Enquirer: 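This is the structure I have questions about; it appears just below.
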Amino acid sequence: MLKKTLLALGLSLSILLPASADVAIDSFKAYKEKDTLRYQITMHNVSDVPQQGPILIHLYSRPNSSAKWAEVQSWDVEIIPSGAGWTQELESSDELVTAKANNGYECNLVVTTPNSKVEKTAQIINVK
């Protein structure tokens with residue numbers, strides 16, 4: 001009897017409580033080009049429910065692993081529908097100067113939602 005009561009209570013709560021969505025970073029790359037450093041960001045909602053905001057996306061960089069992270073750009077997204085994606089490209093000549101001057105240049109993407117936090121370090125690609 002107790003098992004049936006707990007099961008009924010669990011099912012009732014699952015109907016009342018909102019489902020949580022999950023955002024995944026599919027791709028995060030930085031391309032060193034002649035006159036700019038170009039970032040490509042691709043992520044999507046892997047859940048069957050919309051991801052409600054605030055969805056805070058922060059792009060950080062640092063000249064080497066011992067330096068502190070500095071914010072390059074941030075975005076505040078209100079919603080990502082279920083199964084949908086979000087893509088952004090950003091170019092920065094200032095970041096290219098820093099990347100060229102420092103062999104240990106790193107960039108990091110941090111995505112924070114009301115339910116989770118994911119991050120990914122970019123793969124830096126030299127374009128000739």
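For this chain, numbers begin at 1 and follow the sequence in order. Keep in mind it's a predicted model, so treat the numbers as computed, not measured.
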Enquirer: Using side-chain contact (heavy atoms from CB on, under 4.5 Å) as the criterion, list what pairs up with A70, not counting sequence neighbours.
Expert: none
Enquirer: CD1/I25 to CD1/I41 distance, rounded to the nearest 0.5 angstrom?
Expert: 8.5 Å
Enquirer: Not counting sequence neighbours, which residues clear salt bridge (Lys or Arg N to Asp or Glu O under 4.0 Å) with E91? List them please.
Expert: none
Enquirer: Working note: E95 + Y39, criterion side-chain contact (heavy atoms from CB on, under 4.5 Å); need CA distance, chi angles, decisive distance, verdict.
Expert: CA-CA 10 Å; E95 286 297 309; Y39 301 96; 3.4 Å; yes
Enquirer: Enumerate the residue pairs fulfilling ring-ring contact (aromatic ring centres under 6.0 Å, His included) with a member in residues 93-119, sequence neighbours excluded, ordered by first and then second residue.
Expert: none
Enquirer: Is any side-chain heavy atom of V72 closer than 4.5 Å to a side-chain heavy atom of L90?
Expert: yes
Enquirer: Might you point out which heavy atoms bring L37 and A99 nearest each other, and give the distance in Å?
Expert: CD2-CB, 4.3 Å
Enquirer: Pairs in or reaching into residues 109-126: which pass salt bridge (charged side-chain N to carboxylate O under 4.0 Å, His left out), with residues at least two apart or in two chains?
Expert: none
Enquirer: For residues A122 and A30, report the shortest heavy-atom separation together with the two atoms involved.
Expert: CB-N, 4.2 Å
Enquirer: Can any side-chain N or O of T36 pair as donor or acceptor with the backbone N or O of R38 at less than 3.5 Å?
Expert: no
Enquirer: Are K32 and I124 side-chain neighbours, meaning at least one heavy-atom pair lies under 4.5 Å?
Expert: yes
Enquirer: As an exercise, state the distance from CD of E33 to CD1 of I125, rounded to the nearest 0.5 Å.
Expert: 10.0 Å
Enquirer: Applying side chain to side chain donor-acceptor pair (under 3.5 Å), can you list everything that pairs with T121, at least two apart in sequence or on another chain?
Expert: N108
Enquirer: Which distance, rounded to the nearest 0.5 Å, do you find between the OG1 of T112 and the CG of D76?
Expert: 11.0 Å
Enquirer: If the condition is salt bridge (Lys or Arg N to Asp or Glu O under 4.0 Å), which residues does E71 pass it with, not counting sequence neighbours?
Expert: none
Enquirer: What is the distance from atom CG of L96 to atom NZ of K34, rounded to the nearest 0.5 Å?
Expert: 11.5 Å
Enquirer: Taking the hydrophobic residues Ile, Leu, Val, Met, Phe, Trp and Tyr, and joining any pair whose side-chain heavy atoms are under 4.5 Å apart, which ones share a cluster with V110?
Expert: Y60, W69
Enquirer: Is the shortest heavy-atom distance from the side chain of I57 to the side chain of M43 under 4.5 Å?
Expert: yes
Enquirer: When rounded to the nearest 0.5 angstrom, what distance separates SG in C107 from CG in L59?
Expert: 6.5 Å
Enquirer: Sorted by first residue and then second, give each side chain to side chain donor-acceptor pair (under 3.5 Å) pair with at least one member in residues 78-90; sequence neighbours left out.
Expert: Q40-E89
Enquirer: Please identify each residue that fulfils side chain to side chain donor-acceptor pair (under 3.5 Å) with Q123, with sequence neighbours left out.
Expert: none
Enquirer: What's the spacing between I55 CD1 and N45 CG if we round to 0.5 Å?
Expert: 7.5 Å
Enquirer: By side chain to side chain donor-acceptor pair (under 3.5 Å), which residues pair with N64, not counting sequence neighbours?
Expert: S66
Enquirer: Taking only residues two or more places apart in sequence or in another chain, which ones pass salt bridge (Lys or Arg N to Asp or Glu O under 4.0 Å) with R62?
Expert: E106
Enquirer: Taking side chain to side chain donor-acceptor pair (under 3.5 Å) as the definition, give me every residue that meets it alongside N102, ordered by chain and number, with sequence neighbours left out.
Expert: none
